[in-house]
Amino acid sequence: MKEGFFAKRRRSLETCSHAATIFSGVIVGVAAIYVSYQSNQIAAATLRTAEAQASAAAEQVAIAKEQTRLSKLQYLPRITFARELIEDKDGVRKEKVHVSNAGNALHSLDVQPFVFLHVRELALLNIGESIKRLPALHHASLPVKNFFSPVRYSVAAETGVLTTLEIPNSRVFSSVTENLHQIFRTEKISMISDIQVYFRVGYTDMFGENHERYFLVQATGESLPIPKEKAGELYERWQEALNTTALDASGPDIAVLNQGWLRGKMKL
């Protein structure tokens with residue numbers, strides 16, 4: 001009887017010991033999982049901190065670059081334009097365009113004018129007529145060559161008036177555009193045309209940095225900066241047309257203008 005009691009007792013102790021071993025293993029496993037989880041959390045937090053620090057550093061670099069750019073502005077050239085009327089007689093309007101630098105010194109100045117004849121349609125409405133009944137309207141920007149005299153006057157200076165260009169007759173297309181308007185005018189559509197004079201200006205500033213800028217110079221002499229992407233496309237189109245479809249200001253041709261309008265017109 002005693003041996004049976006002790007045998008049962010031993011088995012009970014062995015069972016408890018085995019359960020304790022399993023429990024200990026579970027505890028160790030849970031602890032390992034917890035430690036692993038904590039390690040992952042710490043790693044993730046460290047990564048987020050590193051990313052935040054990298055972002056802050058990049059932002060500081062961007063701010064420093066912008067501050068440098070802004071500090072340079074006061075030392076950069078400032079390109080200006082002026083249109084001067086020389087003579088307006090018998091339908092001929094002679095002008096000069098002066099290109100100046102009103103800012104700090106520049107060198108390697110490159111000035112290239114490029115010109116378009118802009119033709120557009122206008123709707124004619126009777127009083128009280130609904131705007132909803134407007135006809136389809138069109139416009140076209142036609143490249144022009146030889147609008148400026150091939151001779152220009154330049155000085156070896158870094159500021160002030162640097163280059164002067166001559167326009168033999170800014171009204172050179174007046175008669176042919178009037179003919180165009182008469183041909184295509186209807187009861188509901190009128191037409192107007194105007195010359196648009198652009199300039200591409202390249203130069204190097206005092207820091208040795210190269211610049212390429214574009215301007216629209218209006219008849220009043222006021223110049224408007226044009227975004228490089230937009231003006232660059234216009235300049236390329238003008239260059240491509242020089243030996244093909246460009247209107248020739250040295251001898252305007254109504255037939256060529258008509259063809260240019262029919263080929264190039266687009267809906268407004």
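Remember, it's a predicted structure, so these values are computed and weren't measured experimentally.
- Atom CD of Q182 sits in a crowded spot, with more than 12 heavy atoms from other residues, nucleotides or ligands closer than 6.0 Å.
- When ring centroids are compared, Y198 and F114 come within the 6.0 Å threshold.
- For the pair V201 and F81, the minimum side-chain heavy-atom distance is below 4.5 Å.
- When side chains are defined from C-beta on, M266 counts as touching H139, because their heavy atoms get closer than 4.5 Å.
- Once rounded to the nearest 0.5 Å, the distance linking OG of S190 with CG of L137 reads 10.5 Å.
- Using a 4.5 Å cut-off between side-chain heavy atoms of Ile, Leu, Val, Met, Phe, Trp and Tyr, with links allowed through other members, F116 and V97 fall into different hydrophobic clusters.
- The number of heavy-atom neighbours closer than 6.0 Å to CZ of R185, taken from other residues, nucleotides and ligands shown, is above 12.
- L117 and F147 fall within the same hydrophobic cluster, where Ile, Leu, Val, Met, Phe, Trp and Tyr residues are linked whenever their side-chain heavy atoms come under 4.5 Å apart, directly or through other members.
- Taking the six-membered ring for Trp and thresholds of 30 and 60 degrees, H211 and Y203 have nearly parallel ring planes, at less than 30 degrees apart.
- Taken from CD in Q218 to CG in D194, the straight-line distance is 10.0 Å, to the nearest 0.5 Å.
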Side chain to side chain contact (heavy atoms under 4.5 Å, CB included) assessment of V144 paired with V172:
CA-CA 11 Å; V144 174; V172 65; over 6 Å; no

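- Using a distance-only test at 3.5 Å, with no hydrogens or angles considered, no donor-acceptor pair links the side chain of N104 to the main chain of P77.
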Start with the C-alpha gap between Q196 and L216, add the side-chain angles, then the distance that decides, and say whether side chain to side chain contact (heavy atoms under 4.5 Å, CB included) holds.
CA-CA 7 Å; Q196 295 181 337; L216 170 63; 4.2 Å; yes

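- The CG atom of L106 sits 4.5 Å away from the CG atom of N101 when rounded to the nearest 0.5 Å.
- Clustering ILVMFWY residues whenever any of their side-chain heavy atoms sit less than 4.5 angstrom apart, transitively, puts W238 in a cluster other than the one holding I167.
- Across H181, R120, E178, H118, a single residue satisfies side chain to side chain donor-acceptor pair (under 3.5 Å) together with S193, and that is H181.
- Here the shortest heavy-atom pairing between F173 and A249 reads CZ-CA, 3.8 Å.
- The closest side-chain heavy-atom distance from L262 to F184 is below 4.5 Å.
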Quick one: do M191 and T177 satisfy side chain to side chain contact (heavy atoms under 4.5 Å, CB included)? Show the steps, please.
CA-CA 9 Å; M191 299 180 75; T177 53; over 6 Å; no

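- Without hydrogens or angle criteria, E84 side chain to K96 main chain gives no donor-acceptor distance under 3.5 Å.
- Between G91 and R171, the closest heavy-atom pair is O-CB, 3.8 Å.
- For the pair I195 and S170, the tightest heavy-atom approach, listed with the atom from each and the gap, is CG1-O, 4.3 Å.
- Annotation: the span from Q112 atom CD to L165 atom CG amounts to 9.0 Å, rounded to 0.5 Å.
- Contact of the V176 side chain with the D253 side chain is not registered, since no non-hydrogen atoms from C-beta on lie closer than 4.5 Å.
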Residues V161, V155; criterion side chain to side chain contact (heavy atoms under 4.5 Å, CB included); working and verdict:
CA-CA 8 Å; V161 178; V155 296; 6.0 Å; no

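- Separation of atoms CG (D205) and OH (Y75) is listed at 13.0 Å; rounding is to 0.5 Å.
- Following chains of ILVMFWY side-chain contacts shorter than 4.5 Å, one cannot reach Y235 starting from L142, and the two form parts of different hydrophobic clusters.
- Across every non-hydrogen atom of F199 and P113, the tightest pair is CE2-CB, 3.6 Å.
- The shortest side-chain heavy-atom distance between W261 and H138 falls under the 4.5 Å cut-off.
- Within 6.0 Å of NZ in K94 there are 12 or fewer heavy atoms belonging to other residues, nucleotides or ligands.
- When all heavy atoms are compared, the tightest approach of S250 to N146 is OG-ND2, 3.8 Å.
- Taking both residues in full, the closest heavy atoms of K188 and P135 are given as O-CG, 4.0 Å, listed atom of the first, atom of the second, then distance.
- Contact of the E166 side chain with the I86 side chain is not registered, since no non-hydrogen atoms from C-beta on lie closer than 4.5 Å.
- Of the possible donor and acceptor atoms, none in the side chain of R213 sits under 3.5 Å from a partner among the backbone N and O of I79.
- No path of Ile, Leu, Val, Met, Phe, Trp and Tyr side chains, each step under 4.5 Å between heavy atoms, connects L234 with V111, placing them in separate hydrophobic clusters.
- Distance check, rounded to the nearest 0.5 Å: CD1 of I226 to CZ of F215 gives 9.5 Å.
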